[in-house]
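Structure record follows, encoded as structure tokens.
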Amino acid sequence: MAAAIRTFCCSALRRSSRQLSTTCGVQAGEKWRKQHGLARSGTEYGPLTDLPDWSYADGRPAPPMKGHLRRRQEREVTARRIVMLNAEMDRGINMWKERQDEAKRAEEHKKSLLFKPKGKLLMKTKSPS
């Protein structure tokens, strides 16, 4: 009897329209938050994550929590990386400008080495201007 019930349950589950989903769920309100310039979730930054949870009765601030220290360090690392990449971009742009100026100087130097017009050709070039 137990075997018959077990086979009935298994066959009923196979015919069921319910499926198990293994995909990652979308966070509620993520699209709205991004459209309004906020974080993807409410726990990335903002007063609920950046401010301390409590303080002493006499007004002293609470010691920072582990998560707060970790986020501060992550932000510092990100800021250092941004500064480094910005400086690298500035150096690259300056090098590119120097190469452009050098190419322009080389072109002008080549033009200066060309033969100059003489005689009647010189008069023709001076007349229109």
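Quick note: residue numbers are just sequence positions, from 1. As the structure is a prediction and not an experimental result, all values here were calculated from the model.
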- Go through the steps to decide whether Trp96 and Arg91 satisfy the test side chain to side chain contact (heavy atoms under 4.5 Å, CB included), and finish with yes or no. CA-CA 9 Å; Trp96 178 79; Arg91 283 193 306 272; over 6 Å; no
- Might you work through the salt bridge (Lys or Arg N to Asp or Glu O under 4.0 Å) test for Glu107 and Lys111, ending with a clear yes or no? CA-CA 6 Å; Glu107 185 67 29; Lys111 285 183 181 180; 5.0 Å; no
- Task: Test side chain to side chain contact (heavy atoms under 4.5 Å, CB included) on Arg40 and Lys34 and set out the steps.
- Result: CA-CA 6 Å; Arg40 290 181 313 165; Lys34 284 184 180 180; 3.4 Å; yes
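Checked against ring pair (Phe, Tyr, Trp, His ring centres under 6.0 Å), Phe115 has no partners two or more places apart in sequence or in another chain. His36 meets the side chain to side chain donor-acceptor pair (under 3.5 Å) test with Trp32; sequence neighbours excluded.
Put simply, NZ on Lys97 and NZ on Lys104 are 13.0 Å apart, with the number rounded to the nearest 0.5 Å. Here the straight-line distance linking atom CD of Glu102 with atom NE2 of His109 works out to 12.5 Å at 0.5 Å rounding. Atom OG1 of residue Thr78 and atom CD of residue Gln73 lie 10.5 Å apart, to the nearest 0.5 angstrom. If you take CD on Glu98 and CD1 on Ile93, they are separated by 12.5 Å, rounding to the nearest 0.5 Å.
Side-chain contact check for Arg99 versus Met95: some heavy-atom pair is nearer than 4.5 Å.
Taking all atoms of both residues into account, the shortest heavy-atom contact from Ser55 to Pro61 is CB-CA, 4.4 Å. For Tyr56 against Ala62, the heavy-atom pair with the smallest separation is CE1-CA, 4.4 Å.
The local environment of CE in Met84 is crowded, with over 12 non-hydrogen atoms from other residues, nucleotides or ligands closer than 6.0 Å.
For residues 63-86, every residue pair satisfying the salt bridge (Lys or Arg N to Asp or Glu O under 4.0 Å) rule, not counting sequence neighbours, is listed here: Asp50-Arg75, Arg70-Glu74, Glu76-Arg80.
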